[in-house]
Structures are given as structure tokens and as C-alpha cells.
J.: 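Below are the C-alpha cells for one structure; questions will follow.
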Amino acid sequence: MTINTDKLDKIVADAHRNKAERDKSYREQALKLFPWVCGRCSREFDLRNLRELTHHKDHDHFNNPSDGSNWELLCVYCHDHEHQIHADAIAAAEAGHLLEEKKHREATHNPFAGLKDLLEKKGN
Ligand SMILES: [Zn+2]
Ligand SMILES: [Zn+2]
């Protein structure tokens, strides 16, 4: 059996187009709903620099409620900053979680835990 790369290419191309269309439509809606001002630094925008003036509050680009409640207009700089904070928060949360888990394992990992109880119970 041969892999039909044409078909694969089409699927990939479709996926890209769908994403582009989805992003475009949510952006258009967001730009109708909100003033063209960055939500962080209040920089004003016009048609020349309107690129990348949207952001998903929960970082889920599939979550596009029509009331715009998941959207926020951010300029490129604040947007990058916001995503950096988000990435850092995830990394920190993961690091913290792993650390907690490690502590937990060290505190509870005792191969003879329970054995003492078992013996004591038997002794009664
Ligand atoms: Zn900004
Ligand atoms: Zn974003």
C-alpha cells in the first residue's frame, strides 16, 4: 500500500485554512466588539497596525464564544508578554507539582510501611 501524499497534503492544507478562517472570523468579531486599544498598555490601533491585536484569555484558540468573553485585545508586545507569563506559570506549576510529588513520594515511600501496623494488629 502506498501513502497518498496528495491527500495528506490536502488535509494539512485544509487544516491550515480552517484555522486561518477561524482566527479571522473571531478576530473580526472581536474587533467589532472592542475598541481598537491594547487592553494592557492602552496603545491605540488603526488599520495599518491592527495585526495581532487579539488574544484568547484562556489561551484556547478553539474557545470562541460569540459574546467575546474569551477575547482580549492586546498589542504584540503585551501579547508576547502575556504568553510568556502564561508559559512561565505553566512551567512553574509543573515544577512545583513535580517537587510536591517528589516530596510526597519520599515522605510516604517506605517499603515496610504498614508492616509494623500489621504485626502489631496480629500481636493483639
Ligand atoms: Zn500593549
Ligand atoms: Zn494570545
Side-chain angles (χ1 to χ4, degrees):
M1 166 183 154
T2 55
I3 295 166
N4 187 338
T5 52
D6 281 357
K7 199 176 172 190
L8 203 65
D9 284 350
K10 192 184 173 306
I11 290 168
V12 171
D14 281 354
H16 278 291
R17 197 171 52 241
N18 288 343
K19 187 188 176 300
E21 274 167 17
R22 194 178 60 236
D23 284 356
K24 190 166 165 279
S25 71
Y26 94 68
R27 277 191 82 236
E28 275 169 8
Q29 287 181 67
L31 292 170
K32 272 181 216 156
L33 281 166
F34 304 115
W36 294 0
V37 173
C38 173
R40 287 295 139 80
C41 68
S42 308
R43 214 172 90 185
E44 284 181 35
F45 284 78
D46 59 32
L47 282 170
R48 280 164 304 153
N49 57 4
L50 205 56
R51 260 162 43 92
E52 189 57 75
L53 188 66
T54 47
H55 166 65
H56 290 79
K57 285 183 184 172
D58 70 355
H59 296 264
D60 182 357
H61 285 224
F62 290 92
N63 183 8
N64 294 315
S66 54
D67 65 354
S69 56
N70 191 35
W71 305 329
E72 191 174 32
L73 297 183
L74 293 181
C75 74
V76 187
Y77 306 104
C78 296
H79 189 234
D80 282 357
H81 183 64
E82 181 72 12
H83 277 251
Q84 190 53 50
I85 288 172
H86 185 67
D88 287 352
I90 288 174
E94 273 175 6
H97 181 71
L98 288 176
L99 202 69
E100 279 305 308
E101 209 145 80
K102 187 171 175 288
K103 272 193 221 154
H104 181 73
R105 230 182 300 130
E106 280 168 359
T108 57
H109 182 72
N110 175 357
F112 302 109
L115 193 63
K116 193 167 159 278
D117 286 352
L118 210 67
L119 289 171
E120 275 169 7
K121 260 182 213 138
K122 263 196 172 164
N124 286 337

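Counting starts at 1 for both ligands and their atoms, in listed order. Nothing fancy with the numbering, it's 1 onward along the sequence.
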J.: Looking at the Zn ion (ligand 2), is one of the N, O or S atoms of His61 less than 2.8 Å from it?
T.: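 No, since none of the N, O or S atoms of His61 sits under 2.8 Å from the Zn ion (ligand 2).
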J.: Using 2.8 Å as a strict upper limit, say whether an N, O or S atom of His79 approaches the Zn ion (ligand 2) that closely.
T.: yes
J.: In terms of the angle between their ring planes, are His86 and His59 parallel, tilted or perpendicular, with boundaries placed at 30° and 60°?
T.: parallel
J.: Would you say the Zn ion (ligand 1) has Cys75 as a near neighbour, meaning an N/O/S atom of that residue under 2.8 Å away?
T.: yes
J.: If we ignore hydrogens and angles and just use 3.5 Å, is the side chain of Trp36 paired with the main-chain N or O of Leu31 as donor and acceptor?
T.: yes
J.: Test of geometry: compute the angle SG(Cys38)-the Zn ion (ligand 1)-SG(Cys41) and round it to 10°.
T.: 110°
J.: Is the distance from the Zn ion (ligand 2) to some N, O or S atom of His55 under 2.8 Å?
T.: yes
J.: Under 3.5 Å, is there a donor-acceptor pair linking the side chains of Asp88 and Gln84?
T.: yes
J.: When you check the gap from the basic side-chain N to the acidic O, do Lys32 and Glu28 get nearer than 4.0 Å?
T.: no
J.: Please determine whether side-chain contact (heavy atoms from CB on, under 4.5 Å) holds for the pair His79 and Arg40, giving the CA-CA distance in whole Å, both sets of side-chain angles, and the decisive distance to 0.1 Å.
T.: CA-CA 9 Å; His79 189 234; Arg40 287 295 139 80; over 6 Å; no
